[in-house]
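Below is a structure I'd like to ask you about.
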Amino acid sequence: MCGIVGYVGQRQAEDVIIEGLRRLEYRGYDSAGLAVVADGGLHWAKKAGKLTNLEAELEANPLPASRQGIGHTRWATHGAPTDENAHPHVSADGSVAVVHNGIIENFAALRAELKDEGVEFRSDTDTEVAAHLLARELAGGSTLQQAMGAVASRLEGAFTLVAVTPNELDTVVAARRNSPLVVGVGQGENFLASDVAAFIEHTRDALELGQDQVVTITPDAVTVTDFAGNPSEAHPYHVDWDLSAAEKQGHDWFMRKEIFEQPRAVADTLLGRWSDRGELVLDEVRISPEDLRRINKIVIVACGSSFYAGMVAKYAIEHWTRVACEVELASEFRYRDPIIDPMTLVVTISQSGETADTLMAIRHAREQGAKVIAICNTNGATIPRESDAVIYTHAGPEIGVASTKGFLTQVVACYLLGLYLAQVRGMKYGDEIRAIMTELEAMPDAIQSVLDGIEPVYQLARTMAVHEQAVFFLGRHVGYPVALEGALKLKEIAYMHAEGFAAGELKHGPIAVIEEGTPVFVIVPPQGRDQLHDKVVSNIQEIRARGARTIVLAEQGDESVRPFADTLFALPRCSTLLQPLVATVPLQAFALELATALGHDVDQPRNLAKSVTVE
Ligand code: F6R
């Protein structure tokens, strides 16, 4: 949610910043802008709409050469996506330009204070107050670093601010609270960005910043302080993927590339988890086995697709550990006074590791004494940093706004956690765990076989590319969250009305929406080994009798569904708990191809942003 870049070094700042913004555009694409310092002053350009609009503006009105600048790509919160509201915001006296990610919650009071002093506002944004406050501090004789600390301590809410002033050559200064910011450490150049993708082509050495820190970069130095100016620590790390991972590699969309990466991504989530001693190994579980044995409740908190991954995981975790597991939307969690105590294990699932709702939920949980384990894909992000333990999904960067490999690898990581808990708590013998691991290790090939046979799914999607149509998804048990995920994909990128239902719930109301020709996807549990199989087959007959067009996903060789399926897609054979790993894939591909056929921008769907860093 908003992408930020800062650069100082030997290259043309404009080129580095535009390239960085291109890699961060998944975070927001309502407007883009940049500011550089040259000829003793600030020069800037900003344009509503996608980055290409800004590039056209720069082509028409080039900025002077500079080696120091900041840039921003926006997901609008305060103020419409217009040129005026685009970042950077420049103070009235032209002494400072600032870009911002997050929400300044006390901006109304600050705006009133500044207006009383005669400041005239040129935008509707919360950010502009920061520009004027910084200018006031600079005018009082502060350095930009001091000004940033003073202003940041007056702000409430979530923010990353990055600023430049013509008074200080070769310097870019930033502050962060509750919003992402990483430092890229180069040779004779340094970078600031919301995400390492912005500078990965220049350096893979990064610094993870802490909460309430100010960071100053010059070409040769990075200085980190707290808001009061006291020296502070930042954690260095090396990014374990390179530029090629952040490129489309011949695919039309990042989302398609990421769908096809799923066999590899799932294999990487599983890699190295089984020790020579016949035990599961997780990344950083800084919770003692004694503490894990004491817990009497598990609460999974997450948002969107990650929440659905949690819903899938609940079935496995309860089945394997016999510990009660609740799954909760992070945005609802802390506002309902949840019953959490030191015996509760909170599991948080977040691809980005920066989702504000999820972050606030885990802070609340820790305040109540709960231990928190994060399942996350982004190294060094805020959520894993603030958790007691982390299991990284190792899926590589997910750039398409709609989550795909993120979701599948979260399910796998949750399963690893479930097995680990079962191991630690003595609920499963080593050979039982090994048997499930063997099944999990077969999943990359199973997913690959789904992808190898994906063409009929694409063909169906192309024939259904009609805006007005509503599409429904049915599933039971772990198939229910898969149905919800399938519907979410279609809503997000095809903008179609899509709903997921628990198949058994249909008769309690939703069946009324079925009419002649209504397309309904049904995920059928594995035959024979699953008690729900026959019930779902009956559900298919019920909707078909009412005119539904049934699109059935069932295990290879399951002939019992054939008479009731208008379209049948075969899934590789696997146990019920693992079926989501293969059943989700055709639903992702269906949404992708349908959205493509409708002419939508699949990677940057309207109104959405990849990383939701505001509550
Ligand atoms: C759906 C999607 C979102 C995210 C949600 C949580 O395709 O991408 O629903 O799953 O915003 O994001 P993370 O996992 O980054 O916390």
Side-chain angles (χ1 to χ4, degrees), residues 1-3 26-28 75 158 178-180 194-195 197 253-256 258-259 262 265 300-313 327-333 346-362 372 374-387 390-393 395-411 413-414 473 481-482 484-496 498 500 584-585 587-592 595 600 602-615:
M1 196 152 277
C2 296
Y26 71 89
R27 301 180 70 88
W75 187 85
N178 294 338
S179 278
S194 312
D195 179 336
W253 303 114
F254 277 109
M255 185 179 173
R256 200 182 306 271
E258 287 156 9
I259 288 173
Q262 291 181 114
I300 300 179
V301 284
C303 303
S305 290
S306 302
F307 172 72
Y308 297 148
M311 283 179 74
V312 173
V327 190
E328 206 130 355
L329 287 170
S331 53
E332 291 292 318
F333 178 71
V346 170
V347 178
T348 177
I349 308 175
S350 176
Q351 189 285 129
S352 62
E354 298 291 350
T355 302
D357 290 317
T358 312
L359 178 62
M360 296 307 161
I362 64 163
V372 176
I375 288 176
C376 183
N377 190 36
T378 313
N379 233 290
T382 310
I383 289 172
R385 209 172 43 236
E386 295 202 13
S387 300
V390 51
I391 303 172
Y392 284 110
T393 48
E398 189 179 65
I399 293 168
V401 163
S403 183
T404 52
K405 64 176 179 174
F407 173 83
L408 280 206
T409 55
Q410 286 166 346
V411 171
C414 286
F473 296 77
V482 171
L484 294 171
E485 174 65 3
L488 179 61
K489 292 295 86 118
L490 210 53
K491 282 185 255 205
E492 281 180 299
I493 58 172
Y495 317 146
M496 276 168 77
T584 310
V585 177
L587 306 185
Q588 298 167 339
F590 176 77
L592 168 87
H600 295 166
V602 168
D603 285 335
Q604 297 180 351
R606 71 183 181 202
N607 304 339
L608 297 179
K610 182 73 184 158
S611 172
V612 186
T613 52
V614 294
E615 266 197 276

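Start at 1 with the first residue, then count along the sequence. Remember, it's 1-based here, ligands and their atoms both numbered in the order they're listed. Please read all numbers here as calculations on a predicted model, not as lab measurements.
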- Taking Q410 for its side chain and I349 for its backbone only, find out whether a donor-acceptor pair lies under 3.5 Å.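 Flag not set: sc Q410 to bb I349 has no pair under 3.5 Å.
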May I ask you to decide if G406's main-chain N or O and E398's side chain share a donor-acceptor pair within less than 3.5 Å?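 Yes, the answer is positive, given that a donor and an acceptor are paired below the 3.5 Å cut-off.
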- Message: Could you tell me if the side chain of I383 sits less than 4.5 Å from the side chain of T348, heavy atoms only?
- Response: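 Yes, at least one pair of side-chain atoms sits under 4.5 Å.
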Donor-acceptor pair, side chain of K489 and main chain of S403, under 3.5 angstrom: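 Present.
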Self-check item: Side-chain donor-acceptor contact under 3.5 Å, E485 with S305
Solution: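 Indeed, the side chains of E485 and S305 share at least one donor-acceptor pair under 3.5 Å.
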Near ligand 1, at a heavy-atom separation below 4.0 Å: residues by chain and residue number: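 Residue list for ligand 1: C303, G304, S305, S306, S350, Q351, S352, T355, V401, A402, S403, Q410, L488, K489, E492.
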Any side-chain to backbone donor/acceptor pair from T355 onto D357? Under 3.5 Å, distance only.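 Flag not set: sc T355 to bb D357 has no pair under 3.5 Å.
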